[in-house]
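Each remark here refers to the structure printed beneath this line.
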Amino acid sequence: MKRTHHCNELRSAHIGQTVTLSGWVHSRRDLGGLIFIDIRDREGRTQTVFDPSDLPAELFECAAALRSECVVSVTGKVRQRPEGTNNVKIPTGEIEVAAGALEVLNMADVLPFPVDDPEVAKTVNEELRLQYRYLDLRRPEMTRNLRLRSKVATATRFFFDEQGFLEVETPTLFKSTPEGAREFLVPARLHPGKFYALPQSPQQFKQILMVAGVEKYFQLARCYRDEDLRADRQPEFTQIDIEMSFIEREDIYALIEELLKRVWKTALNIDIPTPFKRLSFEEALNRYGIDKPDTRYGIELVDFTEEFRASAFKVFSGAIAVGGVVKAINAKGLADATQGQIETMTEYAKSFGAKGLAYIKVEKGEWKSPIVKFFSSAEKAALTEKLKIEEGDLILFAADQWLNACEILGKIRIYCADLLKSQGKLMVPADRFDFLWVVDFPLLAYDKEQNRWFSSHHPFTAPVAADIPLLTTDPKKVRGQHYDIVVNGVELGGGSIRIHRPDVQKTVFEDVLQIPAEMVKARFGYMLEAFRFGAPPHGGIALGFDRLIAILCGTSSIRDVIAFPKTAKGTCLMTESPAPVESKQLRDLHLELRVAKKD
RNA sequence: GGGGGUGUAGCUCAAUUGGUUAGAGCGCUGCCCUGUCACGGCAGAGGUUACGGGUUCGAGUCCCGCCACUCCCGCCA
């Protein structure tokens with residue numbers, strides 16, 4: 001070993017020992033006759049001192065020539081710092097190493113951006129950080145994220161091992177099942193014209209593992225989706241994938257609550273209370289306008305459909321007359337919103353399909369609004385009572401079909417909350433975590449363009465048993481045994497009890513989803529066949545591991561918790577992937593390109 | 001595919017209404033400095049204002065195009 005201790009290890013107890021530290025030159029303070037060099041490694045940093053009075057001249061010269069991020073090994077004696085020169089900011093601040101020998105393991109060029117100053121480093125352009133990711137990852141903040149990720153992965157594996165689960169690896173060379181997300185395809189050299197597909201999740205394999213009698217399966221599984229990226233979506237990502245046999249929904253809730261309890265304790269030393277709250281899909285939409293509500297603040301949606309059914313304000317009564325609803329939120333303390341901010345909100349609402357955004361500002365005891373003149377005194381009284389209107393409030397309305405009205409106001413609710421937070425009028429403690437289960441999702445949703453039903457989760461989700469007869473008669477009413485786990489407005493994961501009877505699965509594929517029988521056979525035939533040979537009732541869930549770590553690290557972008565993430569356009573700035581290939585490679589794969597060459 | 005934001009020195013940012021030689025801090029280079037830890041002092045180098053057009057006597061600034069990064073919508077069974 002080129003070191004005897006790491007750089008966060010030496011304390012006054014080590015005084016007098018001869019030690020060797022290895023690491024990077026974190027900072028260098030050359031006082032002319034005396035040089036201080038802080039050596040940094042993964043664990044921390046330690047001050048070394050080069051004193052010309054007890055060093056050969058060439059060694060001192062060598063120390064003077066060092067620059068930031070050179071890699072060195074320093075050997076010397078640990079000693080107490082002189083009175084009054086301790087550094088209370090670092091754990092090794094009581095001692096220093098009086099250098100007796102210096103080995104320069106590698107020099108470093110001048111860096112494209114500083115890694116030693118956290119204040120500057122966190123404002124550095126992400127483009128540059130991604131291009132020089134290895135430098136970015138040297139920053140203690142990033143090292144901490146990697147460390148926490150590893151720790152949580154280990155805790156997860158321990159937990160599932162204790163609970164009797166087997167970690168089973170499933171193929172990443174799978175076949176295309178174009179029902180869901182767009183897939184990455186892999187040409188099969190040995191089978192001209194055929195392709196593998198990278199799995200968007202191990203869904204089918206984990207269900208087959210249940211048929212195989214594994215009973216309790218988990219995997220930290222890499223998944224791939226060729227869709228557009230977001231701050232919380234990467235083309236390749238990791239999920240904690242789980243499947244169990246002979247269980248019901250309650251068993252999954254209890255298991256995941258225990259897992260998250262363990263994870264929060266391990267990562268943050270926080271005890272989270274269980275069981276988690278539960279909210280039906282309908283209630284989530286009604287109260288928060290979204291199926292993954294952030295319940296750390298109020299601003300809940302309130303329904304005024306009955307109050308405005310016969311209103312003189314035709315925008316509201318008209319919407320209700322065609323089967324719609326009127327809903328409102330009270331953004332407390334936002335009456336001082338500028339006309340520009342109201343305009344921004346209106347444009348925002350319109351971008352989600354709203355026709356407009358009615359509002360009332362409550363200022364100086366007056367309701368300032370272009371629409372309030374149409375309201376009867378009874379309507380005003382109802383608003384005041386149900387929205388608890390006070391001085392300084394901003395009331396915002398949506399009138400539309402139920403789902404639209406809820407979703408528009410749900411987006412505006414989040415916008416208002418962000419605005420209030422930025423103004424310091426709404427405080428959300430960083431260590432608050434609101435977990436909840438969202439349940440009772442509709443099994444199916446209707447695609448107007450394609451004129452057919454599609455699975456709101458996936459086609460393997462079991463209907464609530466009592467609703468099975470409705471599958472062919474009234475699909476809209478069928479509830480699915482699906483559940484989502486949500487924390488602070490982030491969808492952390494979702495799962496379901498699966499269909500385990502081949503006849504029900506066949507009905508869903510062919511009669512409900514209208515997939516032709518021969519296509520079902522080609523895509524899912526092996527699954528239906530497997531289910532004929534004794535499939536246990538089973539169900540599972542998958543948690544987004546990257547999102548989980550991002551929440552624990554307090555960052556909104558999963559790029560911060562992935563060592564080598566892709567940009568929003570799916571490229572890697574460090575390796576410059578994706579990249580063109582040689583024509584021989586294409587020939588081997590029986591492929592011919594038809595794109596115009598672009599450079 | 002669509003909408004918003006950003007792009008000026010190695011980094012972070014300025015630059016009045018379109019007007020002199022595009023500035024500052026940090027970093028970098030040289031010199032000085034024996035108790036610093038954001039070391040300090042003196043001096044210096046460093047710019048195709050992302051890129052390509054256009055308008056103008058004159059463009060970092062206005063217009064058109066284009067590229068990259070980013071946020072959002074669509075998309076993510």
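Residue numbers begin at 1 in each chain, while the letters A, B, ... track the order of the sequences. Here the structure is a predicted model, which is why all the values come from computation and not from measurement.
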Could one point to a donor on the side chain of [X] or the base of [N] with an acceptor on the other under 3.5 Å away?
X        : N     : value
A/Glu127 : B/G7  : no
A/Arg67  : B/G10 : no
A/Gln47  : B/U36 : yes
A/Asp228 : B/G74 : yes
A/Arg233 : B/C76 : yes
A/Arg129 : B/C69 : no
A/Arg28  : B/G27 : no

Find the partner of [N]: check Watson-Crick (N1-N3 plus N6-O4 or O6-N4) and G-U wobble (N1-O2, O6-N3) distances, both under 3.5 Å, and reply none if neither fits.
N     : answer
B/C69 : B/G5
B/G30 : B/C42
B/A50 : none
B/A24 : B/U12

Close side-chain approach of A/Arg81 to A/Glu94, heavy-atom, < 4.5 Å: no
Any A/Ile35 side-chain heavy atom under 4.5 Å of A/Leu31 side chain: no
5' priority, RNA chain B, between A/Phe454 and A/Arg29 [closest heavy atom]: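 The 5'-side residue here is A/Arg29.
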Most 5' of A/His458 and A/Pro112 on RNA chain B, judged by nearest nucleotide: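 The residue whose closest nucleotide sits nearer the 5' end is A/Pro112.
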[X] [atom1] - [N] [atom2] separation (whole Å):
X        : N     : atom1 : atom2 : result
A/Glu69  : B/G27 : CD    : C1'   : 13 Å
A/Arg225 : B/C76 : CZ    : P     : 10 Å
A/Leu229 : B/C72 : CG    : C1'   : 13 Å
A/Tyr415 : B/G4  : OH    : C1'   : 12 Å
A/Gln131 : B/C67 : CD    : C1'   : 15 Å
A/Ile90  : B/A38 : CD1   : C1'   : 13 Å

Need one value for [X]: base, sugar-phosphate or nothing, where a base atom within 4.0 Å counts as base even if backbone is also close, heavy atoms only.
X        : result
A/Asp51  : base
A/Arg452 : nothing
A/Glu347 : nothing
A/Leu128 : sugar-phosphate
A/Thr48  : nothing
A/Lys411 : sugar-phosphate
A/Asn125 : sugar-phosphate
A/Arg182 : nothing
A/Asn86  : base

Which nucleotide wins on minimum distance to the side chain of [X], given the candidates [options]?
X        : options             : value
A/Leu34  : B/G27, B/U70, B/G35 : B/G35
A/Pro52  : B/U34, B/C37, B/G35 : B/U34
A/Glu96  : B/U36, B/C37, B/A38 : B/U36
A/Glu227 : B/C76, B/C37, B/G35 : B/C76
A/Arg45  : B/C37, B/U12, B/C72 : B/C37
A/Lys569 : B/C76, B/C69, B/U12 : B/C69

Test applied, side-chain contact (heavy atoms from CB on, under 4.5 Å); reference residue, A/Arg547; option that passes from A/Val490, A/Thr238, A/Val561: A/Val490
A/Met574 CE to A/Leu130 CG distance, which is reported to the nearest 0.5 Å: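 Going from the CE atom of A/Met574 to the CG atom of A/Leu130 covers 9.5 Å.
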[atom1] atoms of [N] and [M], separation to the nearest Å:
N     : M     : atom1 : answer
B/G58 : B/U21 : P     : 15 Å
B/G18 : B/U55 : C1'   : 11 Å
B/C31 : B/C69 : C1'   : 41 Å

Parallel, tilted or perpendicular: rings of A/Trp437 and A/Tyr483 (30°, 60°):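 Geometry flag for A/Trp437 against A/Tyr483: perpendicular rings.
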Parallel, tilted or perpendicular: ring planes of A/Phe509 versus A/Phe524, cut at 30 and 60 degrees: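 Parallel: the ring planes of A/Phe509 and A/Phe524 meet at under 30°.
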A/Ser496 side chain to A/Gln481 side chain, donor-acceptor N/O pair below 3.5 angstrom: no
A/Glu510-A/Gln514 side chain donor-acceptor pair, cut-off 3.5 Å: no
side-chain N/O A/Ser27 vs B/U36 OP1/OP2, d < 4.0 Å: no
Below 4.0 Å: OP1/OP2 of B/C69 and any side-chain N or O of A/Thr567: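 So the side chain of A/Thr567 is within the cut-off, an N or O lying under 4.0 Å from OP1 or OP2 of B/C69.
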